[in-house]
Amino acid sequence: MSTSTRGSFSSRIGFIAAAAGSAVGLGNIWKFPYEVGNYGGAAFLIIYVLCAFIICMPIMVAEIAMGRNAQLNPFGTYKKLGGKGWAWAGFFGILAGVMILSFYNVVAGWAFGYFLQISFGDLLAQGDYGAYFGRYVANVGDNMVFSLAFMVLTALIVVGGVQKGIERWTKILMPALISIILVLIIYGLTLDNAFKGIEFYLVPDFGKINMEVLYKALSQAFFSLSLGMGALITYGSYFSKKDNIVSSAALVTTADLSIAFLAGMLIFPLVFFQGIAPTEGPGLVFVALPGIFEAMGPILGRVVGGGFFLLLCFAALTSTISLLEVPVAFVTDQFKTGRKKTVWLLAVLIFLIGLPSMLSQGAVSWLTEFVSYGGQTRDFMTVVIDIFSDIALPLGGFLISIFVAYKWKIARFSDELEHGHPKFRGTWEEKFVTIMLSTLSPLIVGFIVLATILERFAGISLF
Ligand code: PHE
């Protein structure tokens with residue numbers, strides 16, 4: 001297999017499908033609702049939307065532009081555009097990506113297991129779905145098999161290369177996922193107490209906004225948009241010079257946000273209908289949905305419930321593909337190794353790194369009660385999420401803004417954006433992106449991350 005020719009997307013739509021495929025995943029349907037539930041409902045939603053469009057979108061433009069200009073993985077990109085001293089920033093992102101994939105794959109394994117158990121097993125006869133979820137995630141055998149299967153599937157597609165693997169799937173499966181969510185939303189809205197759920201989700205109580213809400217909404221926006229660790233630098237490196245980066249980023253952001261929004265519209269009516277606490281945490285989706293599928297009756301429940309979790313698996317798959325592609329591009333670019341061997345080696349390695357996360361959900365007690373900080377005992381997976389997603393991604397975004405504005409320089413950045421968008425200079429888009437990257441993004445992101453680290457780990461509160 002040739003290692004010197006880099007893949008590329010066949011068209012702008014192909015890129016958008018792949019980038020949106022990366023963005024839309026468990027972050028939208030699993031993580032977003034439980035974060036909304038934990039951190040204030042509608043107030044969180046509003047901050048989240050602002051973070052995504054105002055802070056994150058310009059950073060997305062920056063990532064894609066860097067990757068397309070350098071035609072390399074994140075490490076190589078930083079090194080080529082900024083010199084050796086900056087290469088560590090790329091490396092740090094790749095490491096974050098590896099760690100994110102390690103736990104993400106475990107959660108994808110849960111979704112896969114739920115698909116099988118709903119469609120072909122007896123999941124929908126359990127009644128107490130909170131207790132079932134607790135037992136399910138502590139069950140080593142199932143989790144081992146399903147998350148290994150998920151990683152193998154991811155690797156098989158990544159071996160096939162970006163173009164064949166990713167574009168085609170996303171274009172078919174994304175509309176299917178949206179359709180099933182819409183149908184379920186309509187169903188959910190007919191249930192008792194549905195509007196209490198909608199009220200929680202859409203009517204803001206601004207008194208709930210505090211530093212933690214700001215931080216969680218910001219980091220969730222980074223996670224959901226696949227930003228801050230170089231996934232979009234990598235995909236940008238396969239993006240054609242003829243296409244418009246700014247409008248593509250706007251589309252990807254809008255698509256991602258819309259699906260997260262719909263996931264909330266789906267979950268909260270069901271949560272309030274069943275009297276589940278919105279603060280249920282990472283089990284929220286797995287606890288709130290099965291009861292509804294059960295109520296649909298044995299056959300329809302299996303079909304709709306199984307279909308939902310199957311589509312969730314596909315959404316997760318287009319994200320795990322992008323997560324695995326990052327270290328693969330790094331190793332093949334930098335060490336000129338064969339793609340196939342590299343993919344399998346990294347997939348096995350990352351699966352192994354994910355084992356402690358998998359076992360920290362009740363299976364092994366010291367991993368389940370791993371450390372205490374911020375007044376709470378945290379399991380190993382939560383620690384990995386805290387460090388490598390919630391802190392590392394905004395920090396990565398901070399570095400990208402500083403890098404583009406002060407090292408690579410706005411003039412070169414704008415030159416890159418002019419490819420595919422010849423009239424870019426002088427537009428409001430240029431002004432917006434430039435002001436955000438050079439001042440507002442690094443200031444806001446830097447402040448929120450710093451304040452949170454101080455508060456969480458050092459017990460120093462700035463307010
Ligand atoms: N954006 C993906 C999701 O929401 C997760 C992800 C994060 C993918 C970072 C790639 C990089 O599910």
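Just so you know, ligand 1 is whichever comes first in the structure, and atom 1 is the first atom listed for that ligand.
- Ion pairing of Asp390 with Lys31 is present here, as a side-chain N (NZ or NE/NH1/NH2) and a carboxylate O approach within less than 4.0 Å.
- What sits closest to atom 11 (C) of ligand 1 on the protein, heavy atoms only, is Leu323 CD2, 3.4 Å.
- Regarding atom 2 (C) of ligand 1, its nearest protein heavy-atom neighbour is Ser22 O, 3.2 Å.
- Here the shortest heavy-atom distance to atom 12 (O) of ligand 1, taken over Phe32, Tyr104, Phe223, belongs to Tyr104.
- Heavy-atom proximity to Ser224, at under 4.0 Å, picks out these atoms of ligand 1: 1 (N), 4 (O).
- Met229 and Gly97 get closest at one heavy-atom pair: CE-CA, 3.4 Å.
- When the options Gly25, Ser226, Ala20 are ranked by their closest heavy atom to atom 10 (C) of ligand 1, first place goes to Ser226.
- Polar contact check, Met229 against ligand 1: no nitrogen or oxygen pair lies under 3.5 Å apart.
- In this model, no donor atom of one side chain and acceptor atom of the other lie less than 3.5 Å apart for Asn143 and Tyr136.
- Close N/O approach between Ser322 and ligand 1 is not found [any backbone or side-chain N/O within under 3.5 Å].
- A donor atom on one side chain and an acceptor atom on the other are found under 3.5 Å apart for Tyr238 and Glu325.
- Ligand 1 has no N or O atom lying under 3.5 Å from any N or O atom of Val24, backbone or side chain.
- Side-chain polar atoms of Thr337 and Thr342 form a donor-acceptor pair below 3.5 angstrom.
- Side-chain contact of Thr279 with Asn38: a donor-acceptor pair under 3.5 Å is absent, judged by distance alone.
- Remark: ligand 1 atoms within the under-4.0 Å shell around heavy atoms of Asn28 are 4 (O).
- Side-chain atoms of Thr154 and Thr320 form a donor-acceptor pair, as typed in the model, at a separation below 3.5 Å.
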Could you check Asp379 against Thr382 for side chain to side chain donor-acceptor pair (under 3.5 Å), going step by step and ending with a plain yes or no? CA-CA 5 Å; Asp379 61 61; Thr382 304; 3.0 Å; yes
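- Which of Gly21, Ala19, Ser319, Ala23 comes nearest to atom 4 (O) of ligand 1 through a heavy atom is settled by distance: it is Ala23.
- Distances between N or O atoms of Gly27 and those of ligand 1 include at least one value under 3.5 Å.
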